[in-house]
Colleague: 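Questions regarding the structure given below will be posed in turn.
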Amino acid sequence: MNITKLIKRLSTGAFVGCFIGLLVAVLISFQLGPSNIRFSGTDIVNLFFGCIVAGWGFSLSGLIYEREDIALPLQIIFQMVIGMGVLFLIAIYLKWMPITLGIGPIITWIIIACVFAAVFWFGFYIYYYLVARDLNNKLND
């Protein structure tokens with residue numbers, strides 16, 4: 001992998017991670033009422049850097065898709081295990097995951113994280129599928 005491709009992958013991961021983090025923060029604010037939420041400067045900094053690292057976990061593990069000798073379902077499992085593992089470690093470290101409130105909120109947090117990951121994975125899959133289809137159409141014309 002060349003340095004340009006690595007920088008592109010890292011910047012895409014950071015962007016998507018920050019987008020998802022901010023989207024979640026906004027959804028939480030809407031759920032609880034924006035006037036009832038107070039994010040401190042530390043919360044914002046932790047959100048920013050935590051989301052960047054989580055985005056890197058998903059984007060760098062996505063390198064597995066360049067291996068044509070591995071079946072797509074195994075590639076998906078590999079990326080999700082690595083990406084979710086990084087996310088969960090960050091969530092525990094930054095106290096995003098409510099581990100002191102019992103198993104119910106933890107399971108809810110994990111389900112929500114998995115849904116977000118699946119939705120974004122599917123979005124990227126469709127995007128790259130359409131790009132490949134367009135390139136194939138141009139080659140056949």
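Everything numeric here is computed off the predicted structure, so don't read it as measured data. What you see below is based on every heavy atom in this structure, not just the backbone, and it leaves out hydrogens, waters and symmetry mates.
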Colleague: Quick check on the hydrophobic clustering: are Ile92 and Ile106 connected, directly or via other members, by side-chain heavy-atom contacts under 4.5 Å?
Modeller: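 Result: yes, single cluster for both.
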Colleague: Over all heavy atoms of both residues, which pair between Gly62 and Gln79 is shortest? Give the atoms and the distance, please.
Modeller: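 The answer is CA-NE2, 3.7 Å.
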Colleague: Any chance you could pull the hydrophobic cluster mates of Ile77, using side-chain heavy atoms under 4.5 angstrom and chaining through other members?
Modeller: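 Cluster partners of Ile77: Val81.
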Colleague: Output side-chain donor-acceptor pairs under 3.5 Å for residues 66-75, partner residues at least two apart or in another chain, one line each.
Modeller:
from: Glu66; atom 1: OE2; to: Lys5; atom 2: NZ; distance (Å): 3.0
from: Arg67; atom 1: NE; to: Asp69; atom 2: OD1; distance (Å): 3.1
from: Arg67; atom 1: NH2; to: Asp69; atom 2: OD1; distance (Å): 3.3
from: Arg67; atom 1: NH2; to: Asp69; atom 2: OD2; distance (Å): 2.7
from: Gln75; atom 1: NE2; to: Ile64; atom 2: O; distance (Å): 3.1
from: Gln75; atom 1: NE2; to: Arg67; atom 2: O; distance (Å): 2.6
from: Gln75; atom 1: NE2; to: Ile70; atom 2: O; distance (Å): 3.3

Colleague: Quick one: CZ on Arg9 to CG on Leu6, what's the gap to the nearest 0.5 Å?
Modeller: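 It is 9.0 Å, given to the nearest 0.5 Å.
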Colleague: How would you list, by chain and number, every residue that makes a side chain to side chain donor-acceptor pair (under 3.5 Å) with Thr42, sequence neighbours excluded?
Modeller: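 Side chain to side chain donor-acceptor pair (under 3.5 Å) list for Thr42, sorted by chain: empty.
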Colleague: Is Asp43 reaching over with its side chain to a backbone N or O of Ser40, donor-acceptor style, under 3.5 angstrom?
Modeller: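 Looks like yes, one N/O pair under 3.5 Å.
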Colleague: Please enumerate all residues that pass ring-ring contact (aromatic ring centres under 6.0 Å, His included) together with Tyr125, with sequence neighbours excluded.
Modeller: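 Listed in chain order: Trp121.
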Colleague: Once rounded to the nearest 0.5 Å, what's the spacing between atom CG of Leu139 and atom CG of Asp134?
Modeller: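 Answer for the CG-CG pair, Leu139 versus Asp134, is 11.0 Å.
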Colleague: Do Ile90 and Phe49 pass the side-chain contact (heavy atoms from CB on, under 4.5 Å) test, and can you show the C-alpha distance, the side-chain angles, and the key distance before you say yes or no?
Modeller: CA-CA 10 Å; Ile90 292 167; Phe49 287 114; over 6 Å; no
Colleague: Of all heavy-atom pairs between Leu87 and Ala113, which one has the smallest distance, and what is that distance?
Modeller: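 Closest heavy-atom pair between Leu87 and Ala113: CD2-CB, 4.0 Å.
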Colleague: How many angstroms lie between atom CD of Gln31 and atom CD1 of Ile37, to the nearest 0.5 angstrom?
Modeller: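 Reported value, rounded in 0.5 Å steps: 8.5 Å.
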Colleague: When hydrophobic residues are tied together by side-chain contacts of less than 4.5 Å, even through go-betweens, does Ile28 share a cluster with Phe120?
Modeller: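 Yes, because Ile28 and Phe120 connect within a single hydrophobic cluster, where side-chain heavy atoms sit under 4.5 Å apart.
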Colleague: Identify whether Leu135 and Tyr127 are in the same connected component of the hydrophobic contact network (ILVMFWY, side-chain heavy atoms under 4.5 Å).
Modeller: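 Yes, because Leu135 and Tyr127 connect within a single hydrophobic cluster, where side-chain heavy atoms sit under 4.5 Å apart.
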Colleague: Return each pair, listed once, that meets ring-ring contact (aromatic ring centres under 6.0 Å, His included) where at least one residue sits in residues 74-119; pairs must be two or more places apart or across chains.
Modeller: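 Listed once each, the pairs are Phe88-Trp109.
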Colleague: Would Ile111 and Ile107 satisfy side-chain contact (heavy atoms from CB on, under 4.5 Å), going step by step from the backbone distance to the final call?
Modeller: CA-CA 6 Å; Ile111 290 170; Ile107 291 172; 3.7 Å; yes
Colleague: Does Leu32 share a hydrophobic cluster with Phe39, counting links as ILVMFWY side-chain heavy atoms below 4.5 Å and allowing steps through other members?
Modeller: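 Result: yes, single cluster for both.
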Colleague: Using side-chain contact (heavy atoms from CB on, under 4.5 Å), reason through Ile82 and Leu60 one step at a time and then give a plain yes or no.
Modeller: CA-CA 9 Å; Ile82 299 296; Leu60 291 177; over 6 Å; no
Colleague: Looking only at non-hydrogen atoms, find the nearest pair between Met84 and Cys114 and report the distance.
Modeller: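 Heavy atoms only, the tightest pair is CE-CA, 3.2 Å.
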Colleague: Are more than 12 heavy atoms, taken from residues, nucleotides or ligands other than Phe124, located less than 6.0 Å from that residue's CZ atom?
Modeller: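 Atom CZ in Phe124 is not crowded, with 12 or fewer foreign heavy atoms closer than 6.0 Å.
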Colleague: List the atom pairs, with distances to 0.1 Å, where a side-chain N or O of residues 10-26 and a protein N or O form a donor-acceptor pair under 3.5 Å, not counting sequence neighbours.
Modeller:
from: Ser11; atom 1: OG; to: Ile7; atom 2: O; distance (Å): 3.0
from: Ser11; atom 1: OG; to: Lys8; atom 2: O; distance (Å): 3.0
from: Thr12; atom 1: OG1; to: Lys8; atom 2: O; distance (Å): 2.9

Colleague: Do the side chains of Phe122 and Val119 join up, straight or via other hydrophobic residues, at under 4.5 Å, putting them in one cluster?
Modeller: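 Each belongs to a different hydrophobic cluster.
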